[in-house]
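Notes follow the structure.
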Amino acid sequence: MLTIFTFFSAFSFLFFGFGCFFIPQMKNEFIRYGLAKFRKVVGVLQLVGGLGLLLGYFYSPIVQAAAALSLSILMVLGFAVRLKIRDGIFQSAPSLLYAILNGYIYYKLIIAI
């Protein structure tokens, strides 16, 4: 199950990371969040996190765990932003679910190391 979660999260973050650079709707969302100047930074963090999950899976559980923890923190912050701008539960839930998912990946890796 950890493998499925890792690949799901990694490919999700690679998609969202690239989306920050190439999908106009993502640009508009960052404007709505009041974080337009951080869009590219978040995109890079998502890409690095997704790559870290994949590379860590194949080469280093420590890298994988660090990526999972970092993505979990990023998503907790994303959830906080959603709450701050008063998004509804359906708009806010994905960031919380990704935070929990990556927290779980981190936990399972740390207890195995």
Cluster overlap Phe11 with Phe58, hydrophobic side-chain contacts below 4.5 Å = yes

Where Ala36 and Ile31 come nearest, the two heavy atoms and their spacing | CB-CG1, 3.9 Å

Would the number of heavy atoms belonging to other residues, nucleotides or ligands and lying under 6.0 Å from CZ of Phe7 be above 12?
-> yes

In Å, rounded to the nearest 0.5 Å, how long is the span from CD of Gln91 to CD of Glu29?
-> 7.0 Å

Check against side-chain contact (heavy atoms from CB on, under 4.5 Å), Phe13 and Leu47 | CA-CA 6 Å; Phe13 280 102; Leu47 289 170; over 6 Å; no

Closest heavy-atom pair and its distance - Ala65, Ile110 | CB-CD1, 4.1 Å

Do Ile73 and Ile62 share a hydrophobic cluster (ILVMFWY, side-chain heavy atoms under 4.5 Å, transitive)?
-> yes

Closest heavy-atom pair and its distance - Arg39, Lys27 = CD-CA, 3.6 Å

Any chance CG of Leu77 has more than 12 other-residue heavy atoms, nucleotides or ligands included, within less than 6.0 Å?
-> yes

Are Phe22 and Phe38 co-members of a hydrophobic cluster defined by side-chain heavy atoms under 4.5 Å apart?
-> no

For Ala10 and Gly50, work out which heavy atoms get closest and say how close.
-> CB-O, 3.6 Å

Joint cluster assignment, Leu97 & Leu74, ILVMFWY side-chain distance < 4.5 Å | no

If we only count heavy atoms from C-beta on, is the Ile105 to Phe8 side-chain gap below 4.5 Å?
-> no

In Å, rounded to the nearest 0.5 Å, how long is the span from CD of Gln64 to OH of Tyr59?
-> 13.0 Å

Heavy-atom pair with the smallest gap, counting every atom of Ala67 and Gly52 | CB-C, 3.6 Å

Close side-chain approach of Arg32 to Asp87, heavy-atom, < 4.5 Å = yes

Aromatic contact, Tyr33 with Phe30 (centres under 6.0 Å) | yes

Would you indicate whether Phe18, at its atom CZ, is surrounded by more than 12 heavy atoms from other residues, nucleotides or ligands within a distance under 6.0 Å?
-> no

Working to the nearest 0.5 Å, report the span between CG of Leu109 and OH of Tyr104.
-> 10.0 Å

On a heavy-atom basis, the closest approach of Phe16 and Met26 is O-CE, 3.7 Å

Should Leu101 and Leu45 be counted in the same cluster of Ile, Leu, Val, Met, Phe, Trp and Tyr side chains packed under 4.5 Å apart?
-> yes

Leu53 CG to Ser9 OG distance, which is reported to the nearest 0.5 Å | 5.0 Å

Separation of Gln46 CD from Leu71 CG (nearest 0.5 Å) | 8.0 Å

Could you grab the distance from atom CG of Leu35 to atom CD1 of Ile85, nearest 0.5 Å is fine?
-> 8.5 Å

Determine whether the side chains of Ser12 and Tyr98 contain a donor N or O and an acceptor N or O closer than 3.5 Å.
-> yes

Neighbour count above 12 (heavy atom, 6.0 Å) for Phe21 CZ | yes

Indicate whether any N or O donor in one side chain lies under 3.5 Å from an N or O acceptor in the other, for Tyr106 and Ser72.
-> no

Greater than 12 external heavy atoms within 6.0 Å of Phe79's CZ = yes

Check whether any side-chain N or O of Ser95 sits under 3.5 Å from a backbone N or O of Ser92 as a donor-acceptor pair, and report yes or no.
-> yes

May I ask you to decide if Leu2's main-chain N or O and Thr6's side chain share a donor-acceptor pair within less than 3.5 Å?
-> yes

Please examine the side chains of Leu69 and Asn102, heavy atoms only from C-beta on, and report whether any two atoms are closer than 4.5 Å.
-> no

